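Worksheet for the structure shown next.
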Amino acid sequence: MDLGPAAFPVAEQACRVIESAAVGQRYHRLLLDAPELSARSRPGQFFHLLCRDSAGNGPYLRRPMSIWRCGPDQPLGFLLHVKGKGTAALAALREGDRLSVVGPLGQGFRLDPRWRRILILARGVGLATLAPLTGAAAALGIEVQAVLSARSPDDLMAEEFAGTSGARITPVFDSDGSSEVPRVEALLRERFALERPNAVFTCGSNRLFLLLQRLAAEFGIPGQVALEQQMGCGLGMCFCCVRQVRDAAGRVVNLRVCAEGPVFDLQAALAW
Ligand SMILES: Cc1cc2nc3c(=O)[nH]c(=O)nc-3n(C[C@H](O)[C@H](O)[C@H](O)COP(=O)(O)OP(=O)(O)OC[C@H]3O[C@@H](n4cnc5c(N)ncnc54)[C@H](O)[C@@H]3O)c2cc1C
Ligand code: FES
């Protein structure tokens, strides 16, 4: 089942904020009243957001943000790590404010309805990108196992990740050393041997991406990775978001994260 791509043309829309709330110390969630956009959004796609607070202050360039919540009769949701002036302006929005969005954009994750089990390896705000995959997999009867890596239990956001999907979560933390690559590798090797997934997915950490790419190749398991890159237009025109990826013949080519991505084949993507 192809969970993308977006149907062009995309248009700018000013959507009403229906919820704006802090999540822990560093994250923020925004829910928008955008039924038509939410219904045609797919896990792994993103929107380009104009980051202006209610006083109109914020940077000129839009910021790309993964779809965190979407679907028929659901608000359109984003989960953001507040790190600079764009995300700070988004976090300053209040219920009733309007947010200009362009999307849904890019190529989302692909799920095969014949699969029985998938494994997700996510860190930090990569959780936001991978979260809607849990619901989409559950709707197809696919079991989701997730290894979530965070600095400490306070940063985990397990509920924000799994929602009501029933995903089985194994947390690993920097604070107790369980997120160190050799320990995550041992955990994944055990999983792959006992409960082999049909596919693996990752986002949010270069070192975890490299680990999963290596293990998936060794075990012959297909995978997908959602890449990030700073963006200009978000629409495929400026080429400021290119990343190096291997094509089917093994040649290194430059592809646009906003148009050919952000989701790429796990073995095709190159480390950053
Ligand atoms: C397809 C896509 C989906 C994304 N989804 C999410 C999401 O769901 N939640 C979320 O919190 N963030 C997400 N991001 C990252 C988000 O776009 C950036 O964090 C945001 O643009 C930062 O804007 P700012 O103005 O707050 O910070 P800035 O002041 O612009 O930047 C703060 C710091 O972050 C760095 N930075 C900015 N943009 C990026 C980027 N794209 N990749 C890596 N580093 C960057 C800057 O170099 C700087 O060091 C996504 C990025 C992409 C490309
Ligand atoms: S951001 Fe302009 S081409 Fe991708």
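Note that ligands are numbered from 1 as they come in the structure, with each ligand's atoms numbered from 1 the same way. The figures here come from the full heavy-atom set of this structure, side chains too, leaving out hydrogens, waters and symmetry mates. None of the values given here were measured: they were computed from a predicted structure.
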Filtering E228, M231, H48 for the heavy atom nearest atom 43 (C) of ligand 1 leaves E228
Contact atoms of ligand 1, heavy-atom distance to H81 under 4.0 Å: 10 (C), 11 (O)
Tell me the nearest of I67, T87, V263 to atom 26 (O) of ligand 1, using heavy-atom distances. T87
Could you name each residue pair satisfying ring pair (Phe, Tyr, Trp, His ring centres under 6.0 Å) that touches residues 213-248, not counting sequence neighbours? F192-F219
Do the ring planes of F201 and F109 sit parallel (below 30°), tilted (30 to 60°) or perpendicular (above 60°)? perpendicular
Within-cut-off N or O pair, V125 and ligand 1, under 3.5 Å: no
Under 4.0 Å from atom 47 (O) of ligand 1, is there any protein heavy atom? yes
Starting from atom 36 (N) of ligand 1, locate the nearest protein heavy atom and write down its residue, its atom name and how far away it is, to 0.1 Å. Q230 NE2, 3.8 Å
Less than 3.5 Å apart, any donor N or O on the side chain of S100 or R62 sitting next to an acceptor on the other? yes
I'd like to know if V257 contacts ligand 1, where contact means a heavy-atom distance under 4.0 Å to any ligand atom. no
Going by the order shown, which atoms of ligand 1 are within less than 4.0 Å of some heavy atom of R63? 21 (O), 23 (O), 24 (P), 25 (O), 30 (O)
Which residue and atom name correspond to the protein heavy atom nearest atom 19 (O) of ligand 1, and how close is it? K83 CD, 3.1 Å
Does the protein place a non-hydrogen atom closer than 4.0 angstrom to atom 31 (O) of ligand 1? no
Scan side-chain atoms only and decide if T87 and H28 contain a donor-acceptor pair under the 3.5 Å cut-off. no
Please could you name the atoms of ligand 1 that A128 approaches to less than 4.0 Å, counting only its heavy atoms? 8 (O)
Examine the side chains of S178 and D176 and answer whether a donor and an acceptor come within less than 3.5 Å of each other. yes
Could you tally the protein N/O/S atoms lying less than 2.8 Å away from atom 4 (Fe) of ligand 2? 2
